[in-house]
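Below is one structure, written out as structure tokens; the observations come after it.
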2 protein chains.
Amino acid sequence: MLDDMGLSIGQVAERTGLSVHALRFYEKEGILARQVQRGPGGRRVYTQQDIDWLRMCIMLRMSGMPVPEIRRYTELVRQGDGNELQRLDILKEHQERVQQQMVQLQECMDLITFKVGKYQDYVNSIAAKAVGQ
Amino acid sequence: MLDDMGLSIGQVAERTGLSVHALRFYEKEGILARQVQRGPGGRRVYTQQDIDWLRMCIMLRMSGMPVPEIRRYTELVRQGDGNELQRLDILKEHQERVQQQMVQLQECMDLITFKVGKYQDYVNSIAAKAVGQ
DNA sequence: GCTTGACCTAGAGTCGGCTCTACTTCGTAG
DNA sequence: CTACGAAGTAGAGCCGACTCTAGGTCAAGC
């Protein structure tokens with residue numbers, strides 16, 4: 001289809017799990033590190049680097065980083081060397097939030113597991129009675 | 001203000017961290033296990049049990065259970081004994097999802113931590129050079 | 001008797017993150 | 001030469017979970 005290092009939007013969608021719509025949306029939102037190249041007919045041509053970048057963005061999104069903050073980070077990367085401290089700040093802050101999220105989630109998990117245990121015991125006891133009859 | 005076992009919506013908001021708006025919204029959405037009692041002037045009067053239930057709902061929400069599913073669970077509880085197996089199913093399913101979420105979040109965390117490490121090293125090396133000059 | 005503040009209802013508005021629509025343009029296959 | 005499929009653009013629409021507005025009641029305090 002395309003040069004073996006150039007991928008169409010559809011192929012990128014397949015490989016990343018994002019929808020074609022989402023890919024265009026992300027681009028419009030400025031969260032692609034490099035301007036996506038265009039092939040004949042104005043079609044987007046993605047490189048492996050674009051995919052790698054997208055995969056990281058997906059991780060950031062999955063862990064709850066809002067699009068505008070991903071954009072800020074992306075812009076720093078686009079600007080090139082010299083702002084590593086700012087990038088580090090964004091990442092560290094996010095890391096902190098993710099850490100908190102995990103703690104919270106663990107608390108929820110503990111409660112849910114406790115309740116599941118209680119119901120399981122109860123359901124088992126009912127089943128045992130039924131068998132005993 | 002109120003009888004020492006009856007709490008106003010404002011007090012419940014304080015104790016749970018939910019907004020007054022959210023409390024009314026939750027009630028309208030049917031995720032309160034028992035009909036909230038009303039005091040003089042049609043004001044809501046919450047009991048400690050209502051608060052306990054709300055705290056669990058908050059845990060379920062925090063861990064990503066959608067409101068409609070909390071409602072389903074609530075309805076089962078409201079119906080009383082006999083449907084414990086269905087309640088258990090809902091909780092187990094949710095437990096599974098939370099488990100997956102935690103795994104995903106950990107993956108994200110690993111990547112972020114890796115990147116933070118890289119940037120930290122880089123930033124340190126720059127700082128070292130500056131001192132060395 | 002007037003203001004304040006906490007509460008009430010019904011329903012509109014907001015926000016984030018996509019998702020979808022409408023319409024166009026290509027390149028290839030039948 | 002027509003149809004199809006995959007792409008393009010601009011912009012509207014949707015969904016979930018609140019959040020806020022408008023307009024009203026009521027009790028307490030000045």
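Please read all numbers here as calculations on a predicted model, not as lab measurements. In what follows, chains carry the letters A, B, and so on, assigned in the order in which the sequence lines appear, proteins first and then strands, with residues in each chain numbered from 1.
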For D:dA7, does OP1 or OP2 lie under 4.0 Å from any side-chain N or O of A:R24?
-> no
Interatomic distance, A:E27 CD vs C:dG17 P [rounded to whole Å] = 18 Å
Does a side-chain heavy-atom distance below 4.5 Å link A:L60 with B:I112?
-> yes
Here the distance between atom P of D:dG16 and atom CE of B:M62, to the nearest Å, is 21 Å
Go through the N and O atoms of the side chain of A:R43 and the base of D:dA6, and report whether any donor-acceptor pair is under 3.5 Å.
-> yes
The nucleotide from D:dG8, D:dT19, C:dG17 with an atom nearest the side chain of A:F25 is C:dG17
May I ask you to verify if any side-chain N or O of A:R61 is less than 4.0 angstrom from the OP1 or OP2 atom of C:dG17?
-> yes
Separation of atom CD in A:E69 from atom P in C:dG16, rounded to whole Å = 13 Å
For A:G42, answer base if it contacts any base atom (sugar-phosphate contacts may also be present), sugar-phosphate if it contacts only those atoms, and nothing otherwise; contact means non-hydrogen atoms under 4.0 Å.
-> sugar-phosphate
Reckon B:R38 has a side-chain N or O less than 4.0 Å from the OP1 or OP2 of C:dT9?
-> yes
N/O (side chain, B:S8) to phosphate O (OP1/OP2, C:dC7) under 4.0 Å = yes
Whole Å only: how far is the CD atom of A:Q37 from the C1' atom of D:dG8?
-> 17 Å
Is any side-chain heavy atom of A:I90 closer than 4.5 Å to a side-chain heavy atom of A:Q86?
-> no
In A:R34, A:R44, A:R55, the residue satisfying salt bridge (Lys or Arg N to Asp or Glu O under 4.0 Å) with A:D50 is A:R34
Student check: side-chain heavy atoms of B:L88 and A:Y122 closer than 4.5 Å = no
Please determine if a side-chain N or O atom of A:Y26 lies less than 4.0 Å away from the OP1 or OP2 oxygen of C:dG17.
-> no
Protein-nucleotide distance (B:I31, atom CD1; D:dG16, atom P), rounded to Å = 14 Å
Residue pair A:K28/B:K28 against DNA chain D: nearer the 5' end by closest nucleotide is A:K28
Does the side chain of A:R44 get closer than 4.0 angstrom to OP1 or OP2 of D:dT9 through an N or O atom?
-> yes
Rounded to whole angstroms, how far apart are CG on B:L23 and C1' on D:dC18?
-> 12 Å
Per atom distances to the A:H21 side chain, the nearest of D:dA7, C:dC20, D:dA17 is C:dC20
A:G41 near the nucleic acid: base, sugar-phosphate alone, or nothing, with a heavy-atom cut-off under 4.0 Å?
-> nothing
Could you tell me whether the side chains of B:Q120 and A:K92 share a donor-acceptor contact shorter than 3.5 Å?
-> yes
Taking atom P of C:dA6 as reference, at what distance in whole Å does atom CG of B:L7 sit?
-> 16 Å
Quick one: B:M65 CE to D:dG16 C1', roughly how many Å, whole number?
-> 16 Å
